[in-house]
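Structure first, then comments.
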Amino acid sequence: MTLLLRGPCRLLAPHRHATCRPRAGAVCTSPPSSRFIALPQRRNASSSTDNNAQQQAPSPSPAPRRTRPKTALFFPGQGVQKVGMLAPWLEAFPTTAVPIVEEIDHIVGYRLSDVIANGPSKDLNLTPNAQPAIMATSILILRILEKEFGFKVDERVDFTLGHSLGEFAALVSSGYIEFEDSLHMVQKRAEAMADATRKAEEEYGGEYGMVAIVSEPPHMQQLIPAIEEFVGYGSEGGKSESAENRSPIEQVLIANVNSKNQIVLSGNIERIKTLVAHVRQFLGHDPRAVRLKSDSPFHSPIMKPAVGVMHRILNGRSRRVRGREGEDIVSWPGLVPCVSNVTARVFGSREEVKDLLARQCLETVQWWGSIKYLDQEEKVRRWVGIGPGKVGRNLVGKEVGMRGKDAVKGGGVWAITDPSEIEEVLRGLEETENLVEEAE
């Protein structure tokens, strides 16, 4: 692989509000006019207004002639919420942030912003609060990049993806679902998940949650099939079928395959402990088990009622977006390809978006597979995380072997979780803009 520097940089005129305004203590090291590189306008994949043509249109794909490394935008899932996570953005960019926060409260029907600002943590950590809070914060950060710095997803990004809950933000960022509809979906999804957990506890007793299992990569190759054998499923799509006739107290399933050395188990906590003891006894090694900050067993059959809720919403019509009343809630095609958690491949049709996004509630999140697909098959070289927390950045960075800018590999892995990080990320994108990969 050879990296070539393609021509001089062409600077984009600074946006009207493109003034670096990091938090107190952060230093702005470059002038606004040097933040962005202008790129060729991506041709919109939808040139016809005919509904049937749009339904059959292929998934959008990156422009065939690229003058920059392929870039992916990714968003975090539940667990990254933190009391006060909106405050730095409201302080640094009040003109843009305040109206968005007001819109968030209007959509969910209560002052979610107060819960985010003041907590306490036990209230913010409740699924019906945590999920909309994380998704909304992620989109608020993206909107600030767009309005304050002139960032355009359809010009600067080739793929989007999100970890579990983060998939909703990814679909918004790439033009498949409007923010208002997506936040409403997230709220109803979270309420359905919390309700399903409560009913399982009331009917069957027991404690439910999620546990991360960390092991060395060679052991993980044995661990996953051993767990599938223990819990009684092993084929794709077999999760809900095999667990259909089991009570929730007996259900333990693989919720996430996060990396080459980490998976997450979901279900009854005592059953998970039994499974871990089984692994230690019969596989001859001792994986590390870490209880996660989760009040529900996400991506397990206990979440099946949430799938029905999601199907009903996704098969309905938009009612919250001015100018789109009565239209299909999913736009097709989008602006940028988005990778599904369920298949670890880009969504291929409007109906696939609806089906996979609903099923995602109880299917395994194939995060590792998604990163491998983009890294190895699509040759993505730049990765930008948008949203609270750095868990996603760390998972991506370990898999692709980068953190921050990496000129040797022609890209980098960054995260924007705070206003003080914007400068580094935009500078890193600029400095790698003209590094392209030439096939040997």
Side-chain angles (χ1 to χ4, degrees), residues 18 21-23 35-36 70-82 85-90 92-93 96-97 100-101 104 116 130-179 182-183 186 334-339 341 367 370-371 374 380 382-397 400 402-405 411-430 432:
R21 289 181 285 184
R23 297 177 67 188
R35 285 211 177 93
F36 274 91
K70 284 187 180 180
T71 306
L73 204 62
F74 61 93
F75 297 87
Q78 191 163 345
V80 299
Q81 67 274 5
K82 183 175 70 172
M85 62 187 176
L86 282 176
W89 301 100
L90 288 165
F93 306 102
T96 299
I100 297 174
V101 170
I104 291 166
I116 298 173
Q131 289 195 9
I134 294 165
M135 184 269 185
T137 301
S138 298
I139 295 301
L140 178 139
I141 296 172
L142 178 63
R143 294 292 183 252
I144 286 172
L145 288 176
E146 291 171 338
K147 294 183 179 181
E148 300 278 347
F149 297 91
F151 188 91
K152 295 182 179 180
V153 172
D154 62 336
E155 293 181 6
R156 299 190 60 84
V157 174
D158 298 279
F159 296 94
T160 66
L161 68 162
H163 190 284
S164 186
L165 165 69
E167 190 163 84
F168 289 85
L171 287 164
V172 171
S173 73
S174 46
Y176 294 90
I177 304 176
E178 296 295 328
F179 173 60
S182 186
L183 183 56
V186 167
L335 300 174
V336 177
C338 182
V339 178
N341 280 189
W367 187 251
S370 299
I371 302 304
L374 291 178
V380 167
R382 303 194 299 184
W383 308 76
V384 182
I386 303 289
K390 293 185 172 64
V391 175
R393 185 201 66 181
N394 294 338
L395 288 173
V396 171
V400 303
M402 291 188 289
R403 182 170 180 174
K405 188 186 72 172
V413 178
W414 301 274
I416 298 178
T417 67
D418 182 273
S420 63
E421 295 164 328
I422 295 175
E423 183 74 9
E424 176 193 356
V425 175
L426 299 186
R427 185 169 58 246
L429 290 175
E430 177 180 336
T432 58

Where is the tightest heavy-atom contact between A97 and L140, given as atom of each residue plus distance?
O-CD1, 3.9 Å
Looking only at heavy atoms, which two atoms of P337 and D158 are closest? And how far apart?
CD-O, 3.2 Å
Please find the pair of heavy atoms, one from Q78 and one from I134, that lie closest to each other, and give the distance.
CA-CD1, 3.6 Å
Side chains of P388 and S138: closer than 4.5 Å at any heavy-atom pair?
yes
Side chain to side chain, I100 and W89, heavy atoms closer than 4.5 Å:
no
Got a second to check how far T96's OG1 is from E148's CD, nearest 0.5 Å?
3.5 Å
Set of residues satisfying side-chain contact (heavy atoms from CB on, under 4.5 Å) with respect to S370, sequence neighbours excluded
L161, V339, A344
Spacing of D154 atom CG and T160 atom OG1 [to the nearest 0.5 Å]
12.0 Å
Quick one: does N341's side chain have a donor or acceptor within less than 3.5 Å of a partner on H163's backbone?
no
By side-chain hydrogen bond (donor to acceptor under 3.5 Å, both in side chains) - contacts of Q81 (at least two apart)
N125
Quick check for you: to the nearest 0.5 Å, what is the distance between S182 atom OG and I177 atom CD1?
5.0 Å
Start with the C-alpha distance between V153 and L335, add both sets of side-chain angles, then the distance that settles side-chain contact (heavy atoms from CB on, under 4.5 Å), and finish with yes or no.
CA-CA 8 Å; V153 172; L335 300 174; over 6 Å; no
Tell me if a side-chain donor or acceptor on Y176 pairs with a main-chain N or O of F168 at a distance below 3.5 Å.
no
Could you state the interatomic distance from CD1 (I422) to CZ (F149), rounded to the nearest 0.5 Å?
4.0 Å
Are L145 and I386 packed together at the side-chain level, in the sense that at least one heavy-atom pair is separated by less than 4.5 angstrom?
yes
Can you check side-chain contact (heavy atoms from CB on, under 4.5 Å) on I371 and L395, steps first, answer last?
CA-CA 9 Å; I371 302 304; L395 288 173; over 6 Å; no
R143: partners by salt bridge (Lys or Arg N to Asp or Glu O under 4.0 Å), with sequence neighbours left out
E146
Check side-chain contact (heavy atoms from CB on, under 4.5 Å) between V425 and all other residues, then give those that pass, not counting sequence neighbours.
V384, W414, I416, L429
Non-hydrogen atoms of F159 and V157 that approach each other most closely:
O-CG1, 3.1 Å
Using the side-chain hydrogen bond (donor to acceptor under 3.5 Å, both in side chains) rule, collect all pairs that involve residues 384-396, keeping only residues at least two apart or in two chains.
K390-T417, K390-E421
Tell me, do L142 and L73 make a side-chain contact under 4.5 Å, heavy atoms counted?
yes
Pairwise distance CD1(I144) to CZ(F151) - rounded to 0.5 angstrom
14.0 Å
Would you check, one step at a time, whether the test side-chain contact (heavy atoms from CB on, under 4.5 Å) holds for M135 with V172?
CA-CA 10 Å; M135 184 269 185; V172 171; 3.8 Å; yes
What distance separates F74 CZ from W367 CH2, expressed to the nearest 0.5 Å?
6.5 Å
side-chain hydrogen bond (donor to acceptor under 3.5 Å, both in side chains) partners of T71, counting only residues at least two apart
R382
Nearest heavy-atom pair of L374 and A72: which atoms, and what distance?
CD1-CB, 4.3 Å
Smallest heavy-atom separation, F75 atom then G166 atom, equals CB-O, 3.6 Å
